[in-house]
Amino acid sequence: MKNDIRPPDLGKKTVLLAFILILLFSFFVRSFSFFLQHWQGDQSQYVALAMKLKEQGLRGYNLTQMEIRRMIFTQYPDWQFMYPVLLKEGVEGDFFKAYERFGLEFNNMPLYYKSPLFPATLALSHRLFAPPNQPFVVVKTNMNETHKVYYDLFFVKTQFWAVIVPLLSNLLVIVLTFFFARKLFDSRTALLAMLLMSLHPIGIVTSYKVLADDFVSFFVIAALFLFYLANEKKSLSWALTAGVTAGFAFLAKQSAVLILPTAGLFLLLTGEKKWFDPRAWRAVLTNRTFLFFVFGSVFISAHWFVKIYQTYGNPFYQPSPFQMSEEDKTGWFGILSLRPHVLMLFVLNIPYLCPPFIFGHLTFKDFVRSVWKRTLKALPPAGEERSVLFLWAWVLPFLLFFVFRIESKEERYLLPVYPALAVLSAVGLLKFSRWLSARFNRATVNWSVAVLLLLTTAWSVPIAMETVFHERFLILQPAKDFLSFYRIIQR
């Protein structure tokens, strides 16, 4: 870009101080999770599955043979605490019967379809952190009231074991976003990407849920970071380590297998031949780094996919929401079908909830330009162009999968690509600020960027906290705000 004059990189002490401050801020806005309820929705499934894994191992990995009980603590008679209890074999239990009343009979299988690494980690965390003889208890009470006892460590002691896993995973994703961005670009880009990752409401809200999304996102970014280093160093041991990490990602959530096309697409677009040349495809499929990466992932995860195939006849089985809608007696899944399309969530919701992410979306033109250049001429990309290709190669397989899997309408499903989007957004914002600096006073431009980030914090964090404390649906927030704005105009 003309006049794209880069300012000098930040000093080590400045980077370290900014890194610590962002990490402390990230922890603070997520720390209320210790004192909020974690029994609602799929969270109760993971808590129950963790108990079953601890008691019976993988042979008991299902939702049957459990009873749900309430625990009352004399210090807090108004608070509800829930925990699952194992019953005798052959007894369905009231946990499964609750789903049966909803009409969701596909849950009655000897092996549950959700990947087991997250509940297994919860079970390990319970063993390490829960008081002796304490069951798998979590809080189930009104969020608006629980936060009033924020300073009471009692809630930390009861459900720390459950909260720490997604919370720590979320913070590690933010940390790895920094290191990955610094590897691809520079410290300034890395700090900005880290800040954007910590601010986006999706990342904040998921940290408050005992769900697998943050957990799998950690393994996704770790696997892709290691693969990038392996490809750069031409190291087969790094490639194998990256593959093992990818295998853990598959065991955290089956959709993580999209890591493999990400790695293949990156090699295809950065090879020495035009990307559509059959020899370029053969080069990817015979690339030793890629083969060791695939081998490591398959070696770690194959056993689970074989068991799923033996149970369901499909190694990647997921119950179709169309099937859920047909079986559901409550109408809940019919409501889900009315949510915005995934493409709309990506294009509109993500930047609406955290406006600087629009700069990441705008870098797609740089990706298209690079691919077009590789279509016309076999010219391996380098520097920033190569890094942008890698990041979009990370985003597109996940995005396209959920776009064509039309019924998947949850913003958190795209969480594994948010680190890439945060880095792309930092790249786009800094490039735009350099463009402005070539035309206006640099100090004014820098202050304008700082004000933008402060306004983003004042916009995004309250949205997230409102969602957390008042149990709102974040996915509907933009539509509701637009409707409110339209009504104000009409008046």
Side-chain angles (χ1 to χ4, degrees), residues 26 29-30 33 36-47 49-50 112-122 125 138 162-177 196-224 245-246 248-259 262 316 318-319 321 336 339 342 345-346 349-350 353-354 357 394-395 397-399 401-402 405 407-422 460 463-464 467-468 471-475 477:
S26 302
V29 297
R30 291 159 172 78
S33 184
L36 301 182
Q37 69 93 357
H38 292 290
W39 186 255
Q40 188 179 35
D42 288 357
Q43 297 181 94
S44 61
Q45 288 185 13
Y46 283 117
V47 170
L49 289 169
Y112 202 52
Y113 66 90
K114 290 186 177 179
S115 298
L117 187 59
F118 180 64
T121 306
L122 288 177
S125 180
V138 291
V163 175
I164 192 61
V165 178
L167 177 59
L168 182 60
S169 300
N170 188 285
L171 294 174
L172 287 174
V173 168
I174 293 171
V175 168
L176 284 180
T177 299
L196 293 178
M197 192 65 203
S198 71
L199 288 177
H200 203 289
I202 295 297
I204 296 174
V205 171
T206 56
S207 71
Y208 280 87
K209 304 290 184 182
V210 183
L211 299 173
D213 302 284
D214 290 301
F215 190 70
V216 69
S217 297
F218 163 71
F219 283 106
V220 167
I221 188 174
L224 290 175
T245 308
F248 287 131
F250 301 170
L251 292 176
K253 208 168 186 181
Q254 285 143 316
S255 60
V257 296
L258 296 166
I259 293 174
T262 287
F316 304 104
Q318 290 281 327
L336 292 185
R339 287 180 171 181
V342 173
L345 296 179
F346 180 81
N349 281 36
I350 290 177
L353 296 172
C354 191
F357 271 69
W394 176 353
V395 172
F398 283 86
L399 176 61
F401 173 77
F402 289 114
R405 196 172 186 264
E407 66 273 14
S408 299
K409 296 179 178 180
E410 290 278 1
E411 287 168 309
R412 60 187 175 89
Y413 293 163
L414 287 173
L415 191 65
V417 306
Y418 272 70
L421 291 174
S460 298
I463 288 177
T467 301
V468 167
E471 299 181 305
R472 303 284 168 79
F473 290 110
L474 190 61
I475 196 170
Q477 186 70 40

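Throughout, residue positions are numbered sequentially from 1 according to the sequence presented.
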query = What is the distance from atom CD1 of Ile174 to atom OG of Ser26, rounded to the nearest 0.5 Å?
reply = 4.0 Å

ask   = How many angstroms lie between CD in Gln37 and NZ in Lys209, if you round to the nearest 0.5 Å?
value = 6.5 Å

request  = Taking the side chain as every heavy atom from C-beta outward, state whether Pro166 and Ser207 have any pair of such atoms under 4.5 Å apart.
outcome  = no

message = When you compare the side chain of Ile164 with that of Ser125, does any pair of heavy atoms fall below 4.5 Å?
response = yes

query = Would a distance-only check, ignoring hydrogens and angles, find a side-chain to backbone donor-acceptor pair under 3.5 Å from Trp394 to Pro416?
reply = yes

ask   = Is there a donor-acceptor pair under 3.5 Å between the side chain of His200 and the backbone N or O of Leu353?
value = no

inquiry  = Can you list everything that forms a salt bridge (charged side-chain N to carboxylate O under 4.0 Å, His left out) with Asp214? Sequence neighbours excluded, please.
reply    = none

key: Qualifying residues under ring pair (Phe, Tyr, Trp, His ring centres under 6.0 Å), relative to Phe215, sequence neighbours excluded   = Phe118, Phe219

request  = Kindly compute the distance separating NE2 (His38) from OH (Tyr46), expressed to the nearest 0.5 Å.
outcome  = 15.0 Å

inquiry  = Tell me if a side-chain donor or acceptor on Thr467 pairs with a main-chain N or O of Ile463 at a distance below 3.5 Å.
reply    = yes

ask   = Which atom names give the shortest non-hydrogen contact between Tyr112 and Gln45, and what distance separates them?
value = OH-OE1, 2.9 Å

task = Report yes if the side chains of Leu211 and Thr206 come closer than 4.5 Å at any heavy-atom pair, otherwise no.
result = no

message = Could you check whether any side-chain N or O of Ser169 sits under 3.5 Å from a backbone N or O of Val216, counting only pairs where one atom can act as donor and the other as acceptor?
response = no

ask   = Does the pair Val468 and Leu36 meet the rule for a side chain to side chain contact (heavy atoms under 4.5 Å, CB included), with working shown?
value = CA-CA 9 Å; Val468 167; Leu36 301 182; 3.4 Å; yes

query = Is atom CZ of Phe248 surrounded by more than 12 heavy atoms (other residues, nucleotides or ligands) closer than 6.0 Å?
reply = no

request  = With rounding to the nearest 0.5 Å, note down the distance linking CZ in Phe346 to CZ in Phe398.
outcome  = 12.5 Å

query = Nearest heavy-atom pair of Ala162 and Leu122: which atoms, and what distance?
reply = O-CD2, 3.8 Å

request  = To the nearest 0.5 Å, tell me how far Leu176 CG sits from Ser217 OG.
outcome  = 11.0 Å

query = With a 4.5 Å heavy-atom cut-off, do Val138 and Gln43 have their side chains touching?
reply = no

message = Are Leu224 and Thr262 packed together at the side-chain level, in the sense that at least one heavy-atom pair is separated by less than 4.5 angstrom?
response = yes

request  = Work out which heavy atom in Tyr418 is nearest to a heavy atom in Leu414; give both atom names and the distance.
outcome  = CD1-O, 3.1 Å

query = Closest approach of Cys354 and Pro201, non-hydrogen atoms and distance?
reply = CB-CD, 4.3 Å

request  = Report the C-alpha distance between Val210 and Val165 in whole Å, list the side-chain angles of each, state the deciding distance to 0.1 Å, and finish with yes or no for side chain to side chain contact (heavy atoms under 4.5 Å, CB included).
outcome  = CA-CA 8 Å; Val210 183; Val165 178; over 6 Å; no

ask   = Would you say the side chain of Val205 lies within less than 4.5 Å of the side chain of Glu411, judging by non-hydrogen atoms?
value = no

ask   = Between Ala223 and Thr245, what is the shortest heavy-atom contact and its length?
value = N-CG2, 3.7 Å

Pairwise side-chain contact, Phe402 with Leu345, heavy-atom cut-off 4.5 Å (strictly under) = no

key: Heavy-atom closest contact (Ala256 atom, Val220 atom, distance)   = CB-CG2, 4.2 Å

inquiry  = Are Met197 and Val173 packed together at the side-chain level, in the sense that at least one heavy-atom pair is separated by less than 4.5 angstrom?
reply    = yes

ask   = Centre of Tyr413's six-membered ring, under 6.0 Å away, within 45 degrees of the axis: is that where NZ or CZ of Lys253 sits?
value = no

key: Separation between CD1 of Ile202 and CG of Leu421, rounded to the nearest 0.5 Å   = 11.5 Å

